[in-house]
*Asks:* 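Encoded as structure tokens, here's the structure I'll be asking about.
Note that the coordinates shown come from a computational prediction; the quantities given were computed from them, not determined experimentally. Note that these values count all heavy atoms, side chains included, but never hydrogens, waters or copies made by symmetry.
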Amino acid sequence: MFDSLSVLDSVRLNFSPSGMIFLNITLGFIMFGVALEIHFQQFIDLLSKPKSLLIGLLSQFIVLPAVTFLLVFLLNPPPAIGLGMILVSTCPGGNISNYISALSKANVPLSVSLTAAGTLIAIILTPINFSIWGNLYYEAASIIKPIKLDVVQMFKTVFILLGIPMIAGMLINKYLPKLTKIIIKPIKIISLVVFIGFIVAAFYANSSYITDTFYLILILVLIHNAIAYFTGYSIASLAKLNKKDVYTVSIETGIQNSGLALALIFNPKLFNGIGGMAFIAAWWGVWHMVSGIGIATFWSYRQKKLKN
């Protein structure tokens with residue numbers, strides 16, 4: 001079914017050095033905006049009731065990559081497509097997850113805490129997870145490696161893109177609270193608009209590859225994203241969390257930081273813009289906004305109906 005996507009394995013979507021700098025700055029700006037909502041006290045508070053946080057992190061960083069590996073193995077897409085799906089699953093929660101949790105009437109403090117903790121541990125776990133599941137995928141599918149997995153370079157890149165903006169945002173939030181209140185909303189809006197603009201520009205610049213593969217990539221992203229939401233919902237339900245926490249864990253698992261995935265994919269020292277990986281990450285970035293708002297609308301309506 002996905003044979004026609006194999007052409008993307010050999011495609012390299014190259015960006016100019018200025019384009020790469022722009023992407024990295026945009027992602028850093030997004031993470032800086034997320035960090036402005038994070039307080040050091042939140043981490044301390046979670047230590048008293050860590051169950052929901054631990055379940056959320058387990059769902060994101062342990063269960064989802066494993067489930068994704070099984071999905072890729074069963075669907076058997078071309079290698080670069082499979083690697084793109086695995087990379088997305090190893091990234092932390094996306095920057096709009098807190099907004100979706102608020103729309104869903106879920107546990108917003110838990111969502112912010114999961115985003116914060118997930119982003120921090122992703123500095124270590126994203127490179128390790130991708131190395132483990134990527135290499136298992138090579139072995140299970142018996143394919144020739146299209147890339148060499150440079151874990152050390154991934155550590156460096158993820159720390160620069162996530163760690164530094166997160167630390168800077170949290171420090172400004174702590175020591176300059178008045179400034180934080182002024183800049184937080186504009187930063188979140190601008191960063192989201194710029195990121196969407198970047199994806200649209202990337203699609204337009206490589207439109208010749210999209211025509212024949214559009215619906216197949218979209219199908220894969222739809223399936224993968226639905227399974228991610230279901231994974232979070234199932235794990236949280238099995239752990240007997242309350243309904244708001246179940247919704248929150250599901251959202252955090254279903255909304256991944258596709259911007260980080262794209263930044264890693266276009267890094268010439270890592271994946272050098274492999275087409276299949278890039279299109280999966282880009283479509284995920286578009287679709288999880290749509291699916292997130294859809295789920296939020298449904299869950300919000302459901303909770304209102306139950307109250308009435």
*Asks:* With a 3.5 Å cut-off and no angle check, do the side chains of S291 and N225 form a donor-acceptor pair?
*Replies:* yes

*Asks:* Grab the two heavy atoms, one from T115 and one from S97, that are nearest each other, plus how far apart they are.
*Replies:*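 Looking at all heavy atoms of both residues, the shortest contact is OG1-OG, 3.3 Å.
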
*Asks:* What is the distance from atom CG of L262 to atom CD1 of I280, rounded to the nearest 0.5 Å?
*Replies:*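 Atom-to-atom, L262:CG and I280:CD1 are 11.0 Å apart.
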
*Asks:* A261 and V88: which non-hydrogen atoms are nearest, and at how many Å?
*Replies:* CB-CG2, 4.2 Å

*Asks:* Do you know which two heavy atoms are closest between G292 and I255, and how far apart they sit?
*Replies:* CA-CD1, 4.4 Å

*Asks:* For the residue pair L64 and T231, what are the closest heavy atoms and their distance?
*Replies:* N-CG2, 4.4 Å

*Asks:* Say whether I182 and I184 are linked into one hydrophobic cluster, either directly or through other cluster members, by side-chain heavy-atom distances under 4.5 angstrom.
*Replies:* yes

*Asks:* So how far is it from F130 CZ to L125 CG, rounded to the nearest 0.5 Å?
*Replies:* 15.0 Å

*Asks:* Rounded to the nearest 0.5 Å, how far does OG of S111 lie from NZ of K244?
*Replies:*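 Spacing of NZ (K244) from OG (S111) equals 13.0 Å.
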
*Asks:* V246 vs Y233, test: side chain to side chain contact (heavy atoms under 4.5 Å, CB included). Steps then yes/no.
*Replies:* CA-CA 6 Å; V246 169; Y233 192 96; 3.6 Å; yes

*Asks:* How many angstroms lie between atom OH of Y247 and atom OH of Y229, to the nearest 0.5 angstrom?
*Replies:* 14.0 Å

*Asks:* Stepwise, does the side chain to side chain contact (heavy atoms under 4.5 Å, CB included) test hold for L179 with I183?
*Replies:* CA-CA 6 Å; L179 176 63; I183 66 175; 3.8 Å; yes

*Asks:* So, taking the atom named CG in N107 and the one named CG in N242, what distance separates them when rounded to the nearest 0.5 Å?
*Replies:* 7.0 Å

*Asks:* State, without any angle test, whether Q256 and S89 hold a side-chain donor-acceptor pair at a distance under 3.5 Å.
*Replies:*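 There is no such pair (donor and acceptor under 3.5 Å, judged by atom type) between the side chains of Q256 and S89.
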
*Asks:* Hey, could you give me the CD/CD1 distance between E252 and I55, rounded to the nearest 0.5 Å?
*Replies:*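 Rounded to the nearest 0.5 Å, the CD-CD1 separation comes to 14.5 Å.
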
*Asks:* Would you call the rings of F69 and F73 parallel, tilted or perpendicular if under 30° counts as parallel and over 60° as perpendicular?
*Replies:*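 It falls in the parallel class, under 30°.
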
*Asks:* Can a donor-acceptor pair be found between the side chains of Q60 and T253 at a distance below 3.5 Å?
*Replies:*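 Note: Q60 and T253 side chains miss the donor-acceptor criterion.
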
*Asks:* How close do M85 and H224 get, heavy atom to heavy atom, and via which atoms?
*Replies:* O-CE1, 3.2 Å

*Asks:* Looking at every non-hydrogen atom in both residues, tell me the closest pair between W284 and A228 and how far apart they are.
*Replies:* CH2-CB, 4.2 Å

*Asks:* I'd like to know if the side chain of T126 pairs up with that of T90 as donor and acceptor (distance under 3.5 Å, no hydrogens or angles considered).
*Replies:*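 Distance-only check fails for T126 and T90.
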
